[in-house]
2 protein chains.
Amino acid sequence: MAVMDRAVAREQALDAAEELFYGRGIQAVGMDEIRAASGVSLKRLYQLFPAKEQLVEAYLERRDVRWRGRLAEFVRGREDPEERILAVFDWLEHWFAEDGFRGCAWINSYGELGATSPRVVAQVRSHKRAFRAYLADLIADAGLPATLTAPLFLLAEGAMVTAGITATTQPAREARRAAAVLLQSA
Amino acid sequence: MAVMDRAVAREQALDAAEELFYGRGIQAVGMDEIRAASGVSLKRLYQLFPAKEQLVEAYLERRDVRWRGRLAEFVRGREDPEERILAVFDWLEHWFAEDGFRGCAWINSYGELGATSPRVVAQVRSHKRAFRAYLADLIADAGLPATLTAPLFLLAEGAMVTAGITATTQPAREARRAAAVLLQSA
DNA sequence: CTGGGCAGAGAACGTGCGTTCTCCGCTGGG
DNA sequence: CCCAGCGGAGAACGCACGTTCTCTGCCCAG
């Protein structure tokens, strides 16, 4: 681990943080464990992130970009604008089926730190706002009324939470079916 | 605090635990704080609950009974079976508007301890299963198809999560409207 | 009145962890 | 070849907290 570029160390730290924080919870993972998993020394870790809370913030921020990127990429594969909306739920199903899926990272973080960390709350709100805005765009692109945004968003959120708690993929299909009904009746 | 009946001490401990755990998170509250808030000595606390995890379990269990009781009581006030289903969402709105509302206690607990405490996970699953079953009963009583259960449940879960994160009551109304549309098209 | 045991207060213990510090080796410029 | 400084390893520090222990006083059976 000789000369390690600052940016590289940052990525490695965030890789380890993401895997551990998401998989086991934030408070359950110590900084030393992140050092061990990432190969980035404690000194360096604290140079990059002056406190654990900021590592958490960076973890959520980077995961947000990637998560929405993966979703958008999947959705782009569909042609029909209405199909694209439903594709969001198809993607949820893929996500729920992934190894190590343990619910929505932001909802979980909110449950864990919502009462004590304003920085975490800000990340969670910003992520959910972005996801909702993305849904709104898909709906607008399909020429559908904006009033569809809220129900589809709530269905997606409900599916994430329920998939996490029950450890099943079913909620994605249930939400998709309900979304299709709502699209019909619009 | 002279002679304190075991059952009374238990209730006082659970009262304090509920207020503190729900309001600030479970890991953020120490046993000593529960002692201070409840007036139940540490010794007694550990007689009643051999470990913190079991106090948490009891907190979730008692809250489940009360939460579903309050919901059912509210819903019983409506005559029409379909109105009763929508009343669930009206009740959610009341709940979201309460002082100190901070999202769904079970979703939050899952986010905080889902990865480390099987007892907590069991409580969360059992609560969500009971809530879903209650919805299913309302739907059956209205002579509506059982396939409505899943979407209404997901809407309610999405509303709880979103109301918690955004600290607004709006999601209850949005979910209600969507539920009404789904009832129409059934 | 007396003594034994229960209960509370709070100290004590052990551990885990966020954060900082110390020490040492390596590297690269003179 | 020499030395200044950066970086890593990991010890150290301080604190918080779950859990247990000790001490003291009170209540009540005899």
Side-chain angles (χ1 to χ4, degrees), chain A residues 1-60 109 112-113 115-120 123, chain B residues 1-60 109 112-113 115-120 123:
Chain A
M1 219 54 64
V3 206
M4 195 194 292
D5 189 78
R6 186 182 172 89
V8 174
R10 194 187 149 89
E11 286 306 293
Q12 287 185 227
L14 287 172
D15 287 345
E18 178 155 6
E19 170 128 5
L20 292 168
F21 285 161
Y22 178 71
R24 311 227 315 269
I26 291 165
Q27 315 210 53
V29 173
M31 291 298 277
D32 195 63
E33 208 162 347
I34 286 169
R35 176 200 56 75
S38 66
V40 176
S41 74
L42 273 182
K43 201 183 204 174
R44 201 81 123 113
L45 270 182
Y46 276 93
Q47 280 168 6
L48 293 162
F49 310 98
K52 187 183 184 182
E53 193 182 14
Q54 292 169 59
L55 173 58
V56 173
E57 204 181 352
Y59 142 62
L60 290 175
S109 301
E112 202 174 342
L113 299 169
T116 50
S117 167
R119 301 180 96 119
V120 166
Q123 281 300 320
Chain B
M1 218 55 62
V3 206
M4 193 193 292
D5 190 79
R6 185 181 172 90
V8 175
R10 194 187 148 89
E11 285 307 294
Q12 287 184 227
L14 287 173
D15 287 345
E18 178 155 5
E19 171 128 3
L20 292 168
F21 286 160
Y22 178 71
R24 311 228 313 270
I26 292 165
Q27 315 210 57
V29 173
M31 292 297 277
D32 195 64
E33 208 163 347
I34 286 169
R35 176 200 56 76
S38 66
V40 177
S41 74
L42 273 183
K43 200 183 204 173
R44 202 81 123 109
L45 270 182
Y46 277 92
Q47 280 168 6
L48 292 162
F49 310 98
K52 187 183 184 183
E53 193 181 14
Q54 292 169 60
L55 173 58
V56 173
E57 203 181 353
Y59 142 62
L60 290 175
S109 301
E112 202 174 341
L113 299 169
T116 51
S117 167
R119 302 179 96 120
V120 166
Q123 281 300 319

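Numbers restart at 1 for each chain; the letters A, B, ... are given by sequence-line order, proteins then strands.
Counting non-hydrogen atoms of other residues, nucleotides and ligands closer than 6.0 Å to CD of B:Glu19 gives a total of 12 or fewer.
With respect to B:Leu14, the side-chain contact (heavy atoms from CB on, under 4.5 Å) criterion is satisfied by exactly one of B:Arg10, B:Gln12, B:Glu18: B:Arg10. Of the options A:Val56, A:Leu113, A:Leu60, a side-chain contact (heavy atoms from CB on, under 4.5 Å) to A:Gln123 is made by A:Leu60 and by none of the others.
In this structure, CE of A:Met31 is placed 20 Å from P of D:dG14, rounded to the nearest angstrom. Rounding to whole angstrom units, CD of residue A:Glu33 and P of C:dT19 are separated by 16 Å. Distance A:Leu42 CG to C:dT22 C1': 14 Å, rounded to the nearest Å. The distance between atom CZ of B:Arg35 and atom P of C:dG8, rounded to the nearest whole Å, is 12 Å. If you measure from atom CG of A:Asp32 to atom P of D:dG10, you get 10 Å, rounded to the nearest angstrom. Put simply, CD on A:Gln27 is 11 Å from P on D:dC17, counting in whole angstrom units. Counting to the nearest Å, the P atom of C:dC17 and the CG atom of A:Leu20 are 12 Å from each other. When the C1' atom of D:dG8 is taken as reference, atom CD of A:Gln12 falls 14 Å away, rounded to whole Å.
Between B:Glu53 and B:Lys43, the residue whose closest nucleotide on DNA chain D is further toward the 5' end is B:Glu53.
Distances from the side chain of A:Ser41 to the nucleotides D:dT19, C:dG8, D:dG8 place D:dG8 closest. Nearest nucleotide to the B:Tyr46 side chain, out of D:dG18, C:dT19, C:dA7: D:dG18. Considering only side-chain atoms of B:Arg44, the nucleotide from C:dG8, C:dA11, D:dG8 that sits closest is C:dG8. Of all nucleotides listed (C:dT19, C:dA7, D:dG8), C:dT19 comes nearest to the side chain of A:Ala51.
Phosphate proximity of D:dG18 to B:Lys52: present, with a side-chain N or O under 4.0 Å from OP1 or OP2.
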Apply side-chain contact (heavy atoms from CB on, under 4.5 Å) to the pair B:Asp32 and B:Arg35, showing each step before the final yes or no.
-> CA-CA 5 Å; B:Asp32 195 64; B:Arg35 176 200 56 76; 2.9 Å; yes
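Proximity of B:Glu53 to B:Glu57: side-chain heavy atoms (C-beta onward) are nowhere separated by under 4.5 Å.
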